[in-house]
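Keep in mind it's a predicted model, so treat the numbers as computed, not measured.
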Amino acid sequence: MKLATWNVNSIRARQERLLRWLDRERPDVLCLQELKVTDEAFPREAIEAAGYHAAVFGQKTYNGVAILSRDEPADVQRGLGDDDPQSRLVAALIDGVCIVNAYFPNGQEVGSEKWEYKLDWMRRLEAYLADRYRPSDPLVLCGDFNVARDDLDVARPHQWAGTVLCHPDAREGLEAIHRWGFLDVFREHHPEGRLYSWWDYRMLGFAQNNGLRLDHIFATETLARRCRGAEIDRDERKGDKPSDHAPVVAVFD
DNA sequence: ATGGCATAATTGTTATGA
């Protein structure tokens, strides 16, 4: 199974790039974040014409997630099962693997209401996983986590130290999820770090490779053992009208 | 302390992102 995660920063703005990428890479599963469309406005026909099913949890203007897959998804779940008004999680069973696609809150500024929401959302995700799954299940948790796990995931650690992406409380929130029973399959294949999945549009962020690794593929051990490689498609950040995130891809036997 | 850039909802300006 070839699985990828990509924050497209508006599926309508990225539709041509997305279709070209699907045609070129032909992943079995592609988890998308920041669709910025309602379910009604999701470009379902174009996705289906490319040969993919879509489990969509959309939202107007902000957020929105989807799982695209060549096989039909089963047991689709939308949201964390509470009254959260933001569309940040969609899960499905595909080819015997539980796929949980998450768009973690950014948090804006440490100490703000959005920051508290981010930390709370991570705790709720931890409870969601513990309620529904076991670490022995073949399970993938992937998406835009809006956390750089450690400074090997940050090109300029001093610039980002203490911000919502690198704050010790955000990192601890993610490590708690990791400790529940995941391996970070990209990190397993690239222990040297210093590879990034997001670059700011401003200040020549990409040209200077001033990036962070915020997009992650976590797999339970039973599945991680079957992982044959993981890469960031940083070429997709180049050219005309890119997303500010690059796709992250992992291949499982 | 703020802007840099991009996107959506709107048509001049704001909210949000990371």
Side-chain angles (χ1 to χ4, degrees), chain A residues 5-18 21 31-43 56-66 84-89 101-122 125 142-171 173-174 186 193-216 232 234 236-248:
Chain A
T5 178
W6 189 11
N7 178 326
V8 288
N9 186 15
S10 168
I11 194 169
R12 286 180 293 190
R14 225 60 64 204
Q15 186 167 330
E16 279 189 35
R17 268 193 183 256
L18 171 62
W21 195 82
C31 294
L32 299 173
Q33 304 87 37
E34 276 208 274
L35 303 177
K36 299 186 175 182
V37 285
T38 58
D39 291 2
E40 294 71 34
F42 183 87
V56 180
F57 188 32
Q59 183 182 328
K60 189 177 180 179
T61 311
Y62 301 118
N63 311 312
V65 286
D84 190 344
Q86 301 189 25
S87 300
R88 295 185 172 276
L89 184 136
N101 174 22
Y103 175 44
F104 289 34
N106 169 281
Q108 202 163 59
E109 192 173 353
V110 173
S112 67
E113 264 183 42
K114 291 191 174 73
W115 169 246
E116 294 304 324
Y117 172 74
K118 175 177 189 163
L119 298 180
D120 186 59
W121 198 91
M122 286 194 282
L125 174 58
C142 68
D144 175 0
F145 293 4
N146 268 316
V147 181
R149 287 191 65 213
D150 61 45
D151 282 349
L152 288 178
D153 296 324
V154 187
R156 300 183 189 177
H158 296 295
Q159 181 184 328
W160 297 94
T163 68
V164 293
L165 306 177
C166 299
H167 191 281
D169 293 352
R171 285 179 168 171
L174 181 54
F186 184 85
R194 315 224 59 89
L195 295 165
Y196 315 114
S197 66
W198 173 85
W199 300 261
D200 202 312
Y201 285 124
R202 300 163 297 182
M203 312 273 287
L204 301 171
F206 185 67
Q208 298 183 14
N209 197 29
N210 183 11
L212 291 86
R213 188 172 71 103
L214 306 177
D215 303 272
H216 301 284
I232 296 171
R234 82 187 294 288
E236 189 55 43
R237 184 62 177 76
K238 300 174 182 174
D240 195 41
K241 281 179 77 76
S243 170
D244 44 356
H245 295 255
V248 185

Using whole Å, what does the distance between atom [atom2] of nucleotide [N] and atom [atom1] of [X] come to?
{"X": "A/Gln15", "N": "B/dA8", "atom1": "CD", "atom2": "P", "value": "12 Å"}
{"X": "A/Leu35", "N": "B/dG17", "atom1": "CG", "atom2": "P", "value": "15 Å"}
{"X": "A/Trp198", "N": "B/dA6", "atom1": "CH2", "atom2": "C1'", "value": "12 Å"}
{"X": "A/Trp115", "N": "B/dG17", "atom1": "CH2", "atom2": "P", "value": "14 Å"}
{"X": "A/Gln33", "N": "B/dT7", "atom1": "CD", "atom2": "P", "value": "17 Å"}
{"X": "A/Asp153", "N": "B/dA18", "atom1": "CG", "atom2": "P", "value": "16 Å"}
{"X": "A/Arg14", "N": "B/dC5", "atom1": "CZ", "atom2": "P", "value": "16 Å"}

Under the criterion side-chain contact (heavy atoms from CB on, under 4.5 Å), I'd like the reasoning laid out for A/Lys36 against A/Arg12: C-alpha separation, chi angles, the key distance, then a yes or no.
CA-CA 8 Å; A/Lys36 299 186 175 182; A/Arg12 286 180 293 190; 5.7 Å; no
Are [X] and [N] close enough that a side-chain N or O sits under 4.0 Å from OP1 or OP2?
{"X": "A/Asn7", "N": "B/dA18", "result": "yes"}
{"X": "A/Asn146", "N": "B/dA18", "result": "yes"}
{"X": "A/Tyr103", "N": "B/dA18", "result": "yes"}
{"X": "A/Arg202", "N": "B/dG17", "result": "no"}

Return the residues of residues 155-166 of chain A meeting this criterion: a heavy atom under 4.0 Å from some atom of DNA chain B. Order them by number, or give none.
A/Leu165
Tell me which residues in residues 237-248 of chain A put a heavy atom below 4.0 Å from DNA chain B, sorted by number, or none.
A/Lys241, A/His245
Classify the nucleic acid contact of [X] as base, sugar-phosphate or nothing, counting any heavy atom under 4.0 Å across all strands shown.
{"X": "A/Asp144", "result": "sugar-phosphate"}
{"X": "A/Asn106", "result": "base"}
{"X": "A/Phe206", "result": "nothing"}
{"X": "A/Leu214", "result": "sugar-phosphate"}

A/Met203 has a side chain; which of B/dG4, B/dG17, B/dA18 sits nearest to it?
B/dG4
Applying side-chain hydrogen bond (donor to acceptor under 3.5 Å, both in side chains) between A/Gln33 and each of A/Asn9, A/Asn7, A/Thr5, A/Asp144, report the one that passes.
A/Thr5
To the nearest 0.5 Å, what is the distance between [atom1] on [X] and [atom2] on [Y]?
{"X": "A/Lys241", "Y": "A/Glu16", "atom1": "NZ", "atom2": "CD", "answer": "10.0 Å"}
{"X": "A/Tyr62", "Y": "A/Tyr103", "atom1": "OH", "atom2": "OH", "answer": "10.5 Å"}
{"X": "A/Leu152", "Y": "A/Arg194", "atom1": "CG", "atom2": "CZ", "answer": "6.5 Å"}
{"X": "A/Leu212", "Y": "A/Trp198", "atom1": "CG", "atom2": "CH2", "answer": "6.0 Å"}

Decide if atom CD of A/Glu109 counts as having more than 12 heavy atoms of other residues, nucleotides or ligands within a radius under 6.0 Å.
no
Please assess A/Gln159 against A/Asn210 for the test side-chain contact (heavy atoms from CB on, under 4.5 Å), listing each intermediate value before the final yes or no.
CA-CA 10 Å; A/Gln159 181 184 328; A/Asn210 183 11; 3.2 Å; yes
On DNA chain B, more 5' by nearest nucleotide between A/Glu34 and A/Thr61 is A/Thr61
For nucleotides 14-16 of chain B, tabulate all protein N/O to nucleotide N/O atom pairs closer than 3.5 Å, reporting atom names and distance.
none

Indicate yes or no: does A/Asp151 engage A/Arg171 in a salt bridge with an N to O separation below 4.0 Å.
yes
